[in-house]
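Report on one structure; see the data block that follows.
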Protein chains: 2
Amino acid sequence: IYKPVTGVAADSSQARIVVCDVPDKPGVSAKIFSALAAKNISVDMIIQSYARQSNNTNDVAFTVSSDDVEKVLEILEPIAKELQASNVHVNDNIAKVSIVGAGMVDRPGIAADMFKSLADAGINIKMISTSEIKISCLVDKQNAKEAVKRLHEVFELGCGEIAEVKG
Amino acid sequence: IYKPVTGVAADSSQARIVVCDVPDKPGVSAKIFSALAAKNISVDMIIQSYARQSNNTNDVAFTVSSDDVEKVLEILEPIAKELQASNVHVNDNIAKVSIVGAGMVDRPGIAADMFKSLADAGINIKMISTSEIKISCLVDKQNAKEAVKRLHEVFELGCGEIAEVKG
Ligand SMILES: C[C@@H](O)[C@H](N)C(=O)O
Ligand SMILES: C[C@@H](O)[C@H](N)C(=O)O
């Protein structure tokens, strides 16, 4: 049978960092990520959503290896000050759970199925990021195993298809 | 020469929809996207960032074809009411600009280069979403052409490598 989803992956080695309430104007993200790149910090997910209408600020969120968190906070301190960020928020208790598959592009219900299977397990989705062939959700670290098990069942993947690799 | 970025794409056929201030608890995203899937609406990007600490609500943002906006608003109306969303915000003046390349994974500076080239052109980044091999930014529709031109230069792509396809 044809399966739109061909793999499930979980990665609990990362931490989420959010630079909160930065000005939503050109150059701000360039400043944040250039500073990190200059110190050779590898960033995995980058997520920026809708700007708060009221004061035209926005939050820039990203994930890095948990091992890099201290270094990242040092690098960001002067940048956050300069940008007048309200806070640099760190959450180390996260896991990225992803489903992958080239067949997802034309099937509208795949994301809904993923979200439903996490909801049925009582798992809160802390962040979402998608591309054509991959949907990633951040969940609390303690939910990663249960999430992978549920996704494995919902998308009918044989045991061999769980890729417990970095997502 | 080895190029980490192998293509630039722009897609101006989409609109961004944000369901604002929904409860940040399990099942909410499942409800929103199941309703859309039931009516066979194809969703492209889905982005949910960090929950506002104050009242534990969050915004769920996604993009759909501009042709589907009216249908989507009809489908979401009862859902937004049930979830007590503060607003369903539509922005039709957007373009998704993406860079793709399998070589990006191990190079920390690629995202920074992309953001810098948009900043140098005075282009504001309205949303960001990444995967290992792709970085997508939403910009105002009128900036799409300039963004693609700048990215083409920064990543030294020959003219033939611009993929003006749906990103
Ligand atoms: C918030 C940040 O992304 C800003 N909009 C920028 O373009 O850099
Ligand atoms: C906001 C929404 O994503 C919620 N956290 C959920 O899990 O469905």
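We use all heavy atoms of the structure for the numbers below, so side chains are in, but hydrogens, waters and symmetry mates are not.
Counting heavy-atom pairs closer than 4.5 Å to chain A, the top-ranked of the candidates B:Gly122, B:Cys137, B:Ala61 is B:Gly122. When A:Val28, A:Ile133, A:Ile125, A:Leu118 are compared by the number of non-hydrogen pairs under 4.5 Å with chain B, A:Ile125 comes out ahead. The candidate with the highest count of non-hydrogen atom pairs below 4.5 Å against chain B, out of A:Gly109, A:Ala35, A:Ser129, A:Ala111, is A:Ser129. Of all the listed residues (A:Val18, A:Leu36, A:Ile32), the one sharing the greatest number of non-hydrogen pairs under 4.5 Å with chain B is A:Val18. With chain B as the partner, the residue from A:Ala30, A:Ala119, A:Cys20, A:Ala37 showing the most heavy-atom pairs under 4.5 Å is A:Ala30.
Looking at A:Lys116, the atoms closer than 4.5 Å to chain B (heavy atoms on both sides) sit in the backbone and in the side chain alike. Residue contact with chain B, scored on non-hydrogen atoms closer than 4.5 Å, involves the backbone of A:Ile123 exclusively. Interface residue A:Ile41: only backbone heavy atoms are found under 4.5 Å from chain B. A:Ser131 touches chain B through its side chain: at least one heavy atom from C-beta onward sits under 4.5 Å away, while N, CA, C and O do not. For A:Asp21, the part lying under 4.5 angstrom from a heavy atom of chain B is the side chain only. For A:Val43, no part lies under 4.5 angstrom from a heavy atom of chain B.
Residues A:Asn58 and B:Lys126 fail the side-chain proximity criterion, which asks for heavy atoms closer than 4.5 Å. You'll find the side chain of B:Lys134 stays beyond 4.5 Å of the side chain of A:Lys134, heavy atoms only. Counting only heavy atoms from C-beta outward, the side chains of A:Gln48 and B:Ser49 never approach each other to under 4.5 Å. Contact of the A:Asp24 side chain with the B:Asn124 side chain is registered, since non-hydrogen atoms from C-beta on lie closer than 4.5 Å. Considering only heavy atoms from C-beta on, A:Ser29 comes within 4.5 Å of B:Ile128 through its side chain.
Clustering ILVMFWY residues whenever any of their side-chain heavy atoms sit less than 4.5 angstrom apart, transitively, puts B:Val5 in the very cluster that holds B:Val97. The hydrophobic cluster containing A:Ile99 also contains B:Phe62, counting ILVMFWY residues as joined when their side-chain heavy atoms lie under 4.5 angstrom apart, directly or transitively. Hydrophobic clustering (side-chain heavy atoms under 4.5 Å, transitive across Ile, Leu, Val, Met, Phe, Trp, Tyr) keeps A:Leu151 apart from A:Ile94. A:Val100 is not connected to A:Ile110 by any chain of hydrophobic side-chain contacts under 4.5 Å among Ile, Leu, Val, Met, Phe, Trp and Tyr, and they are in different clusters. In the hydrophobic clustering of ILVMFWY residues, with side-chain heavy atoms under 4.5 Å counting as a link, B:Met45 and A:Met114 come out apart.
Pairing each heavy atom of B:Thr130 with each of A:Ile46, the nearest pair is OG1-N, 2.9 Å. Contact between B:Met127 and A:Tyr50 at its shortest, heavy atoms only, is CG-N, 4.2 Å. The two residues A:Ile47 and B:Ile47 come nearest to each other via the heavy atoms CG2-CG2, 3.6 Å.
More than 12 heavy atoms of other residues, nucleotides or ligands sit less than 6.0 Å from atom NZ of A:Lys141.
The interface of residues 65-86 of chain A with chain B, defined by heavy-atom distances below 4.5 Å, is empty.
Among residue pairs with one or both ends in residues 98-148 of chain B, those qualifying as ring-ring contact (aromatic ring centres under 6.0 Å, His included) are A:Phe33-B:Phe115; sequence neighbours excluded.
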